[in-house]
Amino acid sequence: MMCPCGATIEMLVFDGAKPRWDIAVDANGRPTLRPSVWRNTGCRSHFWLRSGRIVWCGDSETA
Ligand SMILES: [Zn+2]
């Protein structure tokens with residue numbers, strides 16, 4: 001996936017990878033990730049992906 005800043009994020013969601021995320025895809029094919037994405041390199045973004053939308057941690061849920 002792409003980070004909001006434009007960098008590529010390698011999402012390690014396959015079994016055995018750490019850290020890893022759980023992905024739920026809704027009926028419209030929009031992914032939701034758990035837990036939040038917190039990059040410890042690059043831009044250090046911390047956000048949620050909910051129903052295919054970026055939600056910044058610490059910001060309002062409507063971001
Ligand atoms: Zn970024």
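Both ligands and their constituent atoms are indexed starting at 1 by order of listing. Computed over heavy atoms, backbone and side chain alike; hydrogens, waters and symmetry mates excluded.
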Just say parallel, tilted or perpendicular for the rings of W56 and F47, cut-offs at 30° and 60°.
-> perpendicular
Determine whether V37 and I23 fall in the same hydrophobic cluster, where Ile, Leu, Val, Met, Phe, Trp and Tyr are linked whenever their side-chain heavy atoms lie under 4.5 Å apart.
-> yes
Distance filter under 2.8 Å, centred on the Zn ion (ligand 1) - protein N, O or S atoms that pass it = C3 SG, C5 SG, C43 SG
Contacts of A24 that satisfy side-chain contact (heavy atoms from CB on, under 4.5 Å) - sequence neighbours left out | R34
How many angstroms lie between OG in S36 and CZ in R50, if you round to the nearest 0.5 Å?
-> 9.0 Å
Distance in Å, I54 CD1 paired with L49 CG, rounded so as to fall on 0.5 Å steps = 5.0 Å
Quick one: does D26's side chain have a donor or acceptor within less than 3.5 Å of a partner on N28's backbone?
-> yes
